[in-house]
Participant: 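Pasting in a structure now, in structure tokens, and then I'll have a few things to ask.
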Amino acid sequence: MITRNKLDETKIEKRAYINGEYVWAESGEVIKKTSSIDGSDLSGIAACDEADVNKAVAAAKAAFESGVWVDKTPEERKNVFLKLADLMEEHREELALLDTYETGRCFKNYYNDSIPKAIECIRYFAEAIDKVYDTAIPARGTEFGVIIRKPLGVVGLITPWNDPMVVDSWKFTPALLMGNSVVIKPAEQSALSLIYLAKLTKEAGIPDGVFNVVPGYGEKAGKALALHMDVRAISFTGSSATGKLMLTYAGQSNMKRVYLECGGKGPYVVSDKCKRIEEAAKVLAANMFYNEGQICSAPSRVIINRKVMDKFLECLKNEAEKFVPGNPFESENEVGCVVSREQFDKVNSYIDWAKNNGHEVYQPSLTKENYPNACSIKPTIIMNVNNDEKVAREEIFGPVVCIIPVDSTEEAIKVANDTNYGLAGALWTDDLNEAKLLADKIEAGLVHINSYGNDDNSAPFGGIKESGIGKDKSAFVFDEFSYQKTVWMHFD
Ligand code: ADP
């Protein structure tokens, strides 16, 4: 079934959401772009700049200071978010359609996976907020102290295009549940679902000014938000290059807190002591070729013992057939398009580089019906890669996996850690001692053993090195959106 027919393209809301109202950018500017599905014009979303960001931050600050949200009890805030989750469930199809329309990713993925994950995330944090405790100091004579979490005030959130509703809800949910107000700058490639969500937040009971959306270009709207003197923290997901700019902006303005979830080049170590080679290949394909590989935690470097490589590759090639891209609006398809023509050209330039530099490159021969000129890329396996090569060092952000053969566990550890990134990784082995050693030694915020990607909201997500600072998900995140205040009391 082609779900596109359910979307009335003339009625899509494209304005910013500031102080409880949909408004155009003061300049009247709009974002200009084309669809990666069929090349049609998708221009028209408000392109906010500093003037609009200033308005949104002022509204967020006024709402925070008024106490309209922060003075609610945790239970009251929880109930608002549970209602929001219900509303998202009611409007799940619209949210999924908007994301597909704008990003080219399959409707099936959004409808069955992303939107439900965003809803689950909202329920997880909502259910947690009235169960996290503050701390009392150890009792002593006349002195008594408590250490409490206080909200920061206005929090800025800058988000990417690769999984809009999921990453947005990872950030705005804990930030708001802590009592903060937020200003969100979605990616210029994927703002529509968040703009749509804004009206649902109002219906759920989030007061005007507490939740604001300022779509626009990164260098204008994003920069103005990150430099703003009244923004107390920025939580960002995107490229490492832009992440580094966030640190600069904080230094140039008010030393705001900066949390960064940036790129990755995940190691996927397959040992010769792994007995489930077929399963290892299947899980890799599901995580690497899903969403056209546009996932920062994608396990894009397979570091495999030569002894098991042939069997693994045979299975991986078979699995790749399941991820041949097709029309993203066709409700049965698993894979659609990459997000833009630029992204399509960038990913293909890496594939061409590999072909021109003596690598065997495998892609399934099967093709599926799609729009003419759709920016779809077939699952791609680059054989016999050396970890020093460009395709192993740079984040490709496409369905492209590098096969790096090794001869020992020690070599696997060395190669796994020889990267600027440290977001997520995996190891496959049936030897308990080897599993323990690899899990200890791999430098990453998240290491899977004999699996990949089945962690849930309880697992903190974020890395080290140039993969970033801080975490999304899990109740630890409440600490990032609050500061610690000690209240020390004296009794006679
Ligand atoms: P990607 O390569 O995944 O598009 P980016 O880092 O370019 O990652 O974008 C992630 C988010 O950061 C987007 O919302 C984008 O608009 C924003 N952004 C890009 N450049 C800047 C910048 N100079 N200042 C602030 N935000 C930016």
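Every number for a ligand or one of its atoms is a count from 1 in the order of the listing.
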Participant: For T380 and Y350, test the side chains for any donor-to-acceptor distance below 3.5 angstrom and give the result as yes or no.
Facilitator: no

Participant: Check each atom of ligand 1 against the heavy atoms of S239 and keep those under 4.0 Å away; list them by number with element.
Facilitator: 2 (O), 5 (P), 6 (O), 8 (O)

Participant: Looking only at heavy atoms, which two atoms of Q343 and I396 are closest? And how far apart?
Facilitator: NE2-O, 3.8 Å

Participant: For atom 23 (N) of ligand 1, what is the nearest protein heavy atom, given as residue, atom name and distance?
Facilitator: Y249 OH, 3.1 Å

Participant: Mark up the atoms of ligand 1 that fall under 4.0 Å of a heavy atom belonging to I158, in ascending order.
Facilitator: 11 (C), 12 (O), 14 (O), 17 (C)

Participant: Heavy-atom distances under 4.0 Å decide this one: backbone, side chain, both or neither, for T237 against ligand 1?
Facilitator: backbone

Participant: Is the ring pair Y111/F107 parallel, tilted or perpendicular, if the boundaries are 30 and 60 degrees?
Facilitator: parallel

Participant: Report yes if some N/O of T159 lies less than 3.5 Å from some N/O of ligand 1; otherwise report no.
Facilitator: yes

Participant: Check K473 with D455, please: is the shortest side-chain N to carboxylate O separation under 4.0 Å?
Facilitator: yes

Participant: Any idea which part of N162 is under 4.0 Å from ligand 1, heavy-atom wise: side chain, backbone, both or neither?
Facilitator: neither

Participant: Suppose I only count heavy atoms of K223 and a 4.0 Å limit; which atoms of ligand 1 are within that range?
Facilitator: 24 (N), 25 (C)

Participant: Does R105 form a side chain to side chain contact (heavy atoms under 4.5 Å, CB included) with Y290? I'd like the steps, not just the answer.
Facilitator: CA-CA 9 Å; R105 180 177 170 185; Y290 185 76; 3.3 Å; yes

Participant: Are E319 and K322 ion-paired here, with the side-chain N under 4.0 Å from a carboxylate O?
Facilitator: yes

Participant: Before you tell me yes or no, could you show the steps for K199 and E13 under salt bridge (charged side-chain N to carboxylate O under 4.0 Å, His left out), namely the whole-Å CA-CA distance, both residues' side-chain angles and the distance that decides it to 0.1 Å?
Facilitator: CA-CA 10 Å; K199 75 173 180 197; E13 180 58 76; over 6 Å; no

Participant: Identify every side-chain donor-acceptor pair in residues 215-231 under 3.5 Å, counting partners at least two apart or on other chains, and give the distances.
Facilitator:
residue	atom	partner	partner atom	Å
Y217	OH	K32	N	2.9
H228	ND1	D230	N	3.0
H228	NE2	N54	OD1	3.3

Participant: Is the closest N or O pair between Y217 and ligand 1 shorter than 3.5 Å?
Facilitator: no

Participant: Which residue supplies the protein heavy atom nearest to atom 20 (N) of ligand 1, what is that atom called, and how far is it?
Facilitator: T242 CG2, 3.5 Å

Participant: Using distance alone, determine whether F236 and ligand 1 share an N or O pair under 3.5 Å.
Facilitator: no

Participant: Which residue owns the protein heavy atom closest to atom 18 (N) of ligand 1, what's the atom, and how far is it?
Facilitator: G218 CA, 3.4 Å

Participant: At a 4.0 Å threshold, what atoms of ligand 1 neighbour a non-hydrogen atom of L245?
Facilitator: 23 (N)

Participant: Heavy-atom pairs closer than 4.0 Å: do any link ligand 1 to the side chain of W161, the backbone, both, or neither?
Facilitator: side chain

Participant: Just to be sure I'm reading this right: ignoring hydrogens, which of E219, E188, M246 gets closest to atom 26 (N) of ligand 1? Compare them by their nearest heavy atoms.
Facilitator: M246

Participant: Over 60° means perpendicular and under 30° means parallel, so tell me whether Y371 and F329 are parallel, tilted or perpendicular.
Facilitator: perpendicular

Participant: Does atom 9 (O) of ligand 1 have a protein non-hydrogen atom under 4.0 Å from it?
Facilitator: no

Participant: Using a strict cut-off of less than 4.0 Å between a Lys/Arg side-chain nitrogen and an Asp/Glu carboxylate oxygen, indicate whether E188 and K185 qualify as a salt bridge.
Facilitator: yes

